[in-house]
Amino acid sequence: MADYNPQVIEKKWQAYWEQNQIFNAKVDKSKPKFYSLDMFPYPSGAGLHVGHPLGYIASDIITRYKRLQGFNVLHPMGYDSFGLPAEQYAIQTGQHPAITTEENIKRYTEQLKNIGFAFDWEKEVRTSDPAYYRWTQWIFMQLFNSYYDKSEDKAKGIGALIEHFEKSGNAGINAVCDEDTPEFNSEDWENFSPKQKQEILLKYRLTFLAETTVNWCAALGTVLSNDEVKDGFSERGGHPVERKKMMQWSMRITAYADRLLRGLDTVEWTEPIKEMQRNWIGKSKGAEMVFEVKGHDKQIKVFTTRIDTIYGVTYLALAPEHDFVQDLITEDQRKTAEAYVEVAKNRSERDRMTDVKTISGAFTGSYAINPFNGEEIQVWIADYVLAGYGTGAVMAVPAHDERDYNFAKHFGLEIRQVIEGSMEEGSFPGKGGIIMNSDFLSGLEMQAAMDKAIEFVEARKIGKGKIQFRMRDAIFTRQRYWGEPLPVYFKDGLPYLIEEKDLPLVLPEVDKYLPTEDGEPPLARAKDWNYKTTEGEFPLERSTMPGWAGSSWYFLRYMDPKNEDKFVDQEIAKYWGAVDLYIGGAEHATGHLLYSRFWTKFLFDLGVIDIEEPFQKMINQGMIQGRSNFVYRVKGTNKFVSLGLKDQYETSAMHVDVNIVHNDQLNLDKFKSWRPDLADAEFILEDGKYHCGSEVEKMSKSKYNVVNPDDIIERYGADTLRLYEMFLGPLEQFKPWNTNGIDGVSKFLKKLWKLYHNNAGEVSISNDAPSKDELKTLHKTIKKTEEDLENYSFNTSVASFMICVNELTAIKCNKRAILEPLAVLVSPYAPHIAEELWALLGNTDSIIKASFPEFKEEYLVENSHEYPVSINGKMRTKLSLSLSLTKEEIEKAALEDETVQKWLEGNVPKKMIVVPGKIVNIVI
RNA sequence: GCCGGGAUGGUGGAAUUGGUAGACACGCAAGACUUAAAAUCUUGUGGCUUCACGGCCGUGCGGGUUCGAUUCCCGCUCCUGGUACCA
């Protein structure tokens, strides 16, 4: 073989890897393990574009490197194959989403294989496969059968709870449950009907059915979770979303709030992602206390983080949705207050969000009593108070809270300062200040005042210290077809689990994928969607699970994907443990990454796995943006003018397919055949070339800027694609895709190839001992590659390969002792060419079985250094000096230098800084 | 508003703890090879200035610390991601 021919060698090695099962991972306790995971893709109909494989290439390089270091590597790939696009397509065409999904997966797999990833395809999972989702359903059943014991701070089987109820009711049980759970004793429990018992238990189960205010998206016909809604519109499709009360399954993720928070300290993720999760969980310490209402037997419960400012409270504010609102409105206020509630309630979430500046509210006419000083304060309704957070009521302290301040100003309510400081600039939080005007709290600092105030309310049994979380329980149902059915049936309106032996509960056939006429989810269309028990037939749940169900535990299934008896074998799970490196986008920060941590902790509590955190180390790759090209049509003609000349004409810009543009130069022939109307296009060129304009936009079909990896591979080869994606810049950075530099890495591979061949194109390797220079070049590169891989700095190691090959080419090196380790060094990045060169060197086994070359410092030891000599910090000359010189000797040599003499002009330097082995700086 | 990330030649980017700013590539220019083109190779390439040696300026902007700052500190501008009345 003469020339480097990527098309031939890449196919050859891909086939070799597959046939020889090179990447098949098996438990091997004699080797250290390394579990590398990529966020698995949703197989969309559009196929892969060049942005998708970016993270996969990075993780592939790491796993190949780890293999060379002797690790036993698990590096799987699979598909998150339930999802909206396939279902929308099914609604439009009537084709079963499973068919579309299957086709898309086939295409994705083909594309991924083309890039030469070292995936263990034996381990592939698909969330929409019944063999997979039977275990998703199984985990759901475990959640249903569990409650959260706060004393032990872990989930436990519901059986233990029932036992406790039988013994002593729910007194003394420290478990997470619904707010409205009644108190009962053992006798009550005994007397409850089975139905009542179920109702009670549902208030404790980790997954439960309850009426919740949900984000309802009418266009998609389903509810969405908070992280699927952006600014009042659905993230997918951008349809309007409204708030609606519905019966939904929820996951009691809030039970894990504190552990999810604490666990963040044990994982190596980037700080921004951890911070996002912390904010999302939103832990705040404060107190809960009640205010009596004058003339009512009602008590308004508020949550506050600043009970130290209790003497500054001048009014209470209730959310418009608060249960007491109707009762507290007095006759004389009825008209205005009710009108306000009506408006406020109907304002959509979106209106409230876009219009946060407008202050609105209404006085109820009722008065509450501040238990600290017996003062009567007005009770207002205000839409700045959210029904869903805390108690839906706040004690307003206008002097020390900005929103309360603005509200008080607007309605002319009293503002009473209780912390020392200046009110000139409006309210101030005054954290750490001294309390004033506050009776027995005056003179204290914030924390001391809070402690004392909490003592006060606790002594009177009107409140207590409390920790509040912002995070809500996660809604777990979608009114869609293409998702996991819930293993639940209904008897007397109450949910029961189907039996484990009946798993998987397979998605039924339906005639249409739309909701029914009366708004029931698509599964209501299925015939016989019932569960048969000895007592009869009962209807099955018609909603399905949300997209995040399957992805919350997939990393476990990869370890043991074909296991029919368990979701994963415990011994195998123990061996692979947590994911050592997780690569994916940052967009899952508060969704997937939180939910899978939750399920992992739950499974840990269950005792079926040994890890509490699924993803030990994570890096987030930056998205690849599109880079569009433009041509400029002279108005009213079929003439196109090059970018530099377009201002001389009246033109309109037109997107042009980036695939017929190279280095921003338009391929005229391809342009003419691009569309029929362009066949007779004329051009006004610059230097015989047509230069296109460019802009960074989202990668999308309509902008003609989608680049398919297959096209790049066809033209340059997969190794070039891999190298180029890495060479583009740091992995985490967002960057537009443009092919302008790709020739550089392609040339590099050709040069690399040539090192192993003579001018006649024959393999030519010398077995002579390498020279000092050759060894230096090699070891410099080993060192740099190793460091870069440890830091995930892939772009710089590609540059160091280029330097290495340039240097070896310059000295015409063809020594085996250099070229053999070089092939290994390059192999994680460009595995195909490396395998081929490895074989040409006479090796018979895959290069993956080789060892990463050992770096030897001795080859880099220098005995002289080229000192930059600076005058006043500016480099003026260089001086090559022996490294054995002392400071004084260096100083002397520098002063003798001609250039230095010139700058000194005969004067004595004010100061001299000499850092041996680094620099010389002379201050004059 | 709040919390992150960022800004370096015509372009992508490099500079490990403060120590030669612009590595490596692309592009461009000139040259070699060729009938020609492509490919390949060689040389040059931050700006201004100078015949040249050299000099001045230069890492978003304005200050500061330091012998020395892309790097550290203070104050701003712009871009970008997250979040949004969370009591």
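Just so it is clear, the structure is predicted and the values come from calculations on it, not from any experiment. By convention in this document, chain letters (A, B, ...) are assigned in the order of the sequence lines, proteins followed by strands, and residues within each chain are numbered from 1.
At a non-hydrogen distance threshold of 4.0 Å, nothing from residues 309-317 of chain A comes into contact with RNA chain B.
Nucleotides of RNA chain B nearest to A:Ile742 and A:Pro736 differ in position, and the one nearer the 5' end is that of A:Pro736.
Between A:Ser284 and B:rA87 there is a side-chain N or O to OP1 or OP2 distance below 4.0 Å. The shortest distance between the side-chain N/O atoms of A:Lys878 and the OP1/OP2 oxygens of B:rU20 is not below 4.0 Å. Phosphate contact (OP1/OP2 of B:rG13, side-chain N/O of A:Gln733, threshold under 4.0 Å): present. Contact annotation: A:Arg470 does not reach the phosphate of B:rC85 (side-chain N/O to OP1 or OP2, under 4.0 Å). Taking side-chain N and O atoms only, A:Arg403 has a distance below 4.0 Å to OP1 or OP2 of B:rC86. At least one side-chain nitrogen or oxygen of A:Arg876 sits closer than 4.0 Å to the OP1 or OP2 atom of B:rG55. Listed pair A:Trp280 / B:rC3 fails the phosphate criterion, with no side-chain N or O lying under 4.0 Å from OP1 or OP2.
Between the side chain of A:His662 and the main chain of A:Asn667, no donor-acceptor pair closer than 3.5 Å is present.
Comparing the P positions of B:rA25 and B:rU40 gives an interatomic distance of 13 Å, to the nearest angstrom.
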Readout for nucleotides 27-34 of chain B: B = base within 4.0 Å of protein heavy atom, S = sugar-phosphate only, - = neither; 5' to 3' it is SS------
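Between the CG atom in A:Leu825 and the OG1 atom in A:Thr781 there is a gap of 7.0 Å [rounded to 0.5 Å].
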